[in-house]
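Below: one structure, written as structure tokens.
Numbers here simply count residues along the sequence, with the first being 1.
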Amino acid sequence: MPNSTNQHPTTHWVMGIVQSLVNAGIQHICIGSGSRSAPLTRCIAHHTHIKSVCFYDERALGFVALGIAKATQTPVGIVTTSGSAGANVLPAVVEAHQSGHCLVVITADRPPELHGIGANQ
């Protein structure tokens with residue numbers, strides 16, 4: 001985990017999210033990296049109880065996560081950036097639901113000042 005002294009407020013907040021995922025039994029997180037999810041990705045990478053894997057294609061990422069969930073019989077996290085990235089994991093989420101497996105999807109949104117003004121994603 002990142003050093004807890006002199007942390008940016010976002011780092012403290014995402015550390016809480018990551019610890020909540022660990023407390024819920026998540027041991028694997030699949031990451032579709034992006035600038036908006038970078039603080040979360042950094043905390044995941046430094047957490048000693050999580051194994052992470054990164055992919056650039058979110059659709060493939062979703063199915064890798066589903067494969068891990070099936071193989072381990074445990075819930076698996078998915079982290080993506082904003083926009084269509086979250087939508088691209090939907091097929092794997094549907095498949096997970098139909099097969100009785102758990103995927104937890106976390107997407108990083110644009111900052112509030114970029115909502116409703118036509119900013120990309």
Side-chain angles (χ1 to χ4, degrees):
M1 297 288 277
N3 186 342
S4 62
T5 59
N6 299 322
Q7 286 180 349
H8 188 278
T10 300
T11 302
H12 182 70
W13 188 73
V14 297
M15 285 174 65
I17 291 172
V18 172
Q19 191 57 51
S20 294
L21 294 171
V22 170
N23 293 346
I26 291 181
Q27 301 170 1
H28 297 87
I29 297 180
C30 297
I31 301 168
S33 60
S35 61
R36 293 189 181 116
S37 59
L40 184 57
T41 299
R42 181 174 176 262
C43 286
I44 290 167
H46 287 94
H47 200 288
T48 57
H49 293 99
I50 293 179
K51 295 175 185 151
S52 62
V53 61
C54 293
F55 274 77
Y56 62 89
D57 178 83
E58 288 86 7
R59 185 174 171 93
L61 175 79
F63 284 103
V64 168
L66 177 58
I68 294 169
K70 287 182 173 185
T72 63
Q73 295 297 307
T74 62
V76 174
I78 298 174
V79 172
T80 68
T81 191
S82 61
S84 62
N88 283 312
V89 300
L90 182 60
V93 170
V94 171
E95 180 72 25
H97 174 75
Q98 294 299 318
S99 64
H101 295 88
C102 181
L103 298 179
V104 177
V105 181
I106 300 171
T107 63
D109 200 3
R110 294 168 293 192
E113 61 269 15
L114 295 179
H115 287 202
I117 62 166
N120 65 342
Q121 293 198 355

- Task: Treating Ile, Leu, Val, Met, Phe, Trp and Tyr as nodes and any side-chain heavy-atom pair under 4.5 angstrom as an edge, say whether Ile78 and Ile26 lie in one connected cluster.
- Result: no
- Item | Point-to-point distance, once rounded to the nearest 0.5 Å, from CE of Met15 to NE2 of His47 | 8.0 Å
- If two hydrophobic side chains count as joined below 4.5 Å and joins carry through other members, does Val76 share a cluster with Ile50? no
- Note on the structure: For Ile68 and Cys30, the nearest pair of non-hydrogen atoms, with its separation, is CD1-SG, 3.9 Å
- Over all heavy atoms of both residues, which pair between Gly32 and Leu61 is shortest? Give the atoms and the distance, please. N-CD2, 3.4 Å
- Message: Can you give me the closest heavy-atom contact between Gly62 and Leu103, atom names plus distance?
- Response: O-CD1, 4.2 Å
- Could you tell me which non-hydrogen atom of Pro91 sits nearest to which non-hydrogen atom of Arg59, and how far apart they are? CG-NH1, 2.9 Å
- Name of the residue among Thr107, Val14, Thr81, Ile31 meeting side chain to side chain contact (heavy atoms under 4.5 Å, CB included) with Leu40: Val14
- Between Ala69 and Cys102, what is the shortest heavy-atom contact and its length? CB-O, 4.2 Å
- Message: Using side chain to side chain contact (heavy atoms under 4.5 Å, CB included), reason through Thr72 and His28 one step at a time and then give a plain yes or no.
- Response: CA-CA 9 Å; Thr72 63; His28 297 87; 3.9 Å; yes
- Item | Same apolar cluster: Ile29 and Val64, side chain cutoff 4.5 Å | no
- Message: For the residue pair Glu95 / His101, report whether a side-chain donor-acceptor contact shorter than 3.5 Å exists.
- Response: no
- Message: Quick check: do Leu21 and Ile106 have side-chain heavy atoms less than 4.5 Å from each other?
- Response: yes
- Message: Test of understanding: clusters of I, L, V, M, F, W, Y form through side-chain heavy atoms closer than 4.5 Å, transitively. Do Ile44 and Val53 belong to the same one?
- Response: no
- Message: For a quick test of reading the model, state the closest non-hydrogen atom pair linking Phe55 to Ala60 and the distance between them.
- Response: CD2-CB, 4.4 Å
- Query: Which of these, Val79, Val89, Leu90, sits in a side chain to side chain contact (heavy atoms under 4.5 Å, CB included) with Val105?
  - Reply: Val89
- Flag yes if Val93 and Val104 sit in one hydrophobic cluster, no otherwise; membership is Ile, Leu, Val, Met, Phe, Trp, Tyr, and two members link when side-chain heavy atoms are under 4.5 Å apart. no
- Query: Hey, mind stepping through Cys43 and Thr11 against side chain to side chain contact (heavy atoms under 4.5 Å, CB included) and telling me if it holds?
  - Reply: CA-CA 8 Å; Cys43 286; Thr11 302; 4.2 Å; yes
- Note on the structure: Rounding to 0.5 Å, atoms CD (Gln27) and NE2 (His49) come to a distance of 9.5 Å
